[in-house]
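First up is the structure itself, then whatever we jot down about it.
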2 protein chains.
Amino acid sequence: MTTQAQDNGFCCADHSGAANVAAILAAAEARARATGARLTPVRRRVLEILLQAHGALGAYDVLEKLSAEGFGSQPPVAYRALNFLVDQGLAHRIRRLNAFTACAHPGQDHRAAFLICESCDSVTEADAGAVSAALDQAAKAAGFDLARATIEAVGQCSACREAAR
Amino acid sequence: MTTQAQDNGFCCADHSGAANVAAILAAAEARARATGARLTPVRRRVLEILLQAHGALGAYDVLEKLSAEGFGSQPPVAYRALNFLVDQGLAHRIRRLNAFTACAHPGQDHRAAFLICESCDSVTEADAGAVSAALDQAAKAAGFDLARATIEAVGQCSACREAAR
DNA sequence: TTATCTAACGTTATATCATAACAGTCAAGG
DNA sequence: CCTTGACTGTTATGATATAACGTTAGATAA
Ligand SMILES: [Zn+2]
Ligand SMILES: [Zn+2]
Ligand SMILES: [Zn+2]
Ligand SMILES: [Zn+2]
């Protein structure tokens with residue numbers, strides 16, 4: 001199974017478009033230098049792959065591309081790079097899809113929710129500010145000390161709904 | 001790895017306690033009869049196992065118990081029963097843990113959030129009414145037709161926080 | 001410069017989670 | 001009785017993820 005979103009002409013997230021990819025990559029590089037994190041070739045390339053995917057990619061999808069380009073060909077190569085990007089806030093893990101997607105707003109401290117389209121597999125990162133606040137509230141009511149949360153919605157994106165009409 | 005919560009004396013969710021287990025099982029049975037769903041021995045036993053676990057169990061944890069009791073010993077046996085329970089609203093899948101937990105409020109149409117303790121692995125089902133409303137709002141703003149959502153928080157439960165003080 | 005240290009890389013091997021496909025069982029309905 | 005369909009169990013395989021270890025390359029210090 002591939003988890004790549006189909007590239008069917010319409011774009012889903014803010015990071016679509018080659019120009020934006022370059023800008024985000026540059027910003028990631030600058031931020032890495034600033035924080036001391038090392039955006040190595042594999043890591044940088046994985047981020048680029050995610051940015052170009054317009055959707056979430058499974059670790060093995062990423063690995064396949066890496067392998068074809070002369071990087072390592074074994075799972076840890078992909079998982080390490082992906083986990084690094086997630087730790088750095090440059091990518092997100094989509095648990096429902098066992099997949100990863102580039103962050104649409106890197107650098108900003110943001111709480112994200114993901115809107116997963118069942119028709120086209122696109123994954124859109126939405127601002128979860130209000131959702132997160134409500135969740136904080138619910139956790140507080142339960143006496144739970146919330147560290148982080150996963151918020152994933154499944155349904156149909158606007159483009160697919162239009163197309164289905 | 002076992003995903004079973006440690007049974008360390010304190011209970012986490014509403015369904016704790018043998019009496020409550022029996023009550024929920026009875027209610028599940030009644031509801032199954034009413035809707036035509038068949039709560040067969042394996043399914044009933046799996047629900048019971050989840051109810052007694054006081055936490056989320058992986059499919060293979062459940063399978064191990066089933067197998068020891070004379071039920072089938074292969075993965076599909078556990079996955080089928082678990083998926084049935086989830087479909088019936090009698091259990092929930094916790095994606096972050098690759099695990100399942102009995103629903104604390106079966107029969108009610110509810111949107112749930114899960115509070116996962118990193119210290120004791122307990123999983124508490126919290127009412128996600130407000131969270132869900134905020135998420136509906138966010139989805140609507142993005143033109144996304146939301147079918148269902150996964151809301152999982154990770155942190156530390158009150159009991160563990162107390163114990164750590 | 002050269003020695004030393006450490007983070008990152010790549011590999012092998014294995015663990016863990018999940019489903020496809022098919023045969024046997026059994027109860028309900030004709 | 002016989003068909004039908006839901007359920008169970010099996011074999012086999014696929015998909016996702018990490019442990020462990022040797023090697024490499026970049027940084028640091030003598
Ligand atoms: Zn983001
Ligand atoms: Zn879509
Ligand atoms: Zn529930
Ligand atoms: Zn706890």
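Numbers restart at 1 for each chain; the letters A, B, ... are given by sequence-line order, proteins then strands. Since the model is a prediction, treat every value here as computed from it, not as a measurement. Only this structure's heavy atoms are used, side chains among them; waters, hydrogens and symmetry mates stay out.
Distance alone, capped at 3.5 Å, is enough to place a donor-acceptor pair between the B:Glu152 side chain and the B:Arg95 backbone.
Rounded to whole angstrom, the span from the CZ atom of B:Arg44 across to the C1' atom of D:dC7 amounts to 18 Å. Atom OH of B:Tyr79 and atom P of D:dA15 are 15 Å apart (whole Å). Here C:dA8 presents its P atom at 15 Å from CG of A:Leu82, a figure rounded to the nearest Å. Protein atom CG of B:Asn83 is 9 Å distant from nucleotide atom C1' of C:dA18, rounded to whole Å. Between B:Arg45 atom CZ and D:dT8 atom P the separation is 15 Å, expressed in whole Å. Atom CG of B:Leu97 is separated from atom C1' of C:dA18 by 16 Å (rounded to the nearest Å). A:Arg96 has its CZ atom 18 Å from the P atom of C:dC17, to the nearest Å. With rounding to whole Å, B:Phe71 atom CZ is found 7 Å from D:dG9 atom P.
The neighbour count for B:Glu48 CD, taken as heavy atoms of other residues, nucleotides or ligands under 6.0 Å away, is above 12.
Put simply, A:Asn98 has a side-chain N or O that comes within less than 4.0 Å of OP1 or OP2 on D:dA17.
If B:Ser73 and A:Pro76 are placed on DNA chain D by their nearest nucleotide, the residue sitting closer to the 5' end is B:Ser73. Checking A:Gln74 against A:Ala81, the closest nucleotide of DNA chain C that is more toward the 5' end is the one next to A:Ala81. A residue-by-residue look at A:Arg80 and B:Thr40 shows that B:Thr40 has its nearest nucleotide of DNA chain D further toward the 5' end.
The B:Val77 side chain lies nearest to D:dG9 when the options are D:dA17, C:dT19, D:dG9. The A:Arg38 side chain lies nearest to D:dG26 when the options are D:dG26, D:dG9, D:dT16.
We find the CD1-SG distance between A:Ile116 and A:Cys157 to be 12.0 Å, quoted to the nearest 0.5 Å.
Contacts of A:Arg93 with the nucleic acid, taken as non-hydrogen atoms under 4.0 Å apart, involve only primed sugar atoms and P, OP1 or OP2.
B:Glu118 and A:Arg148 are joined by a salt bridge, as a carboxylate oxygen and a charged side-chain nitrogen come within less than 4.0 angstrom of each other. Ionic pairing of A:Arg44 and A:Glu29 is present here: one or more N-O contacts between side-chain nitrogen and carboxylate oxygen are shorter than 4.0 angstrom.
In the interface, the side chain of B:Tyr60 is paired with the base of C:dA18 through a donor and an acceptor atom under 3.5 Å apart.
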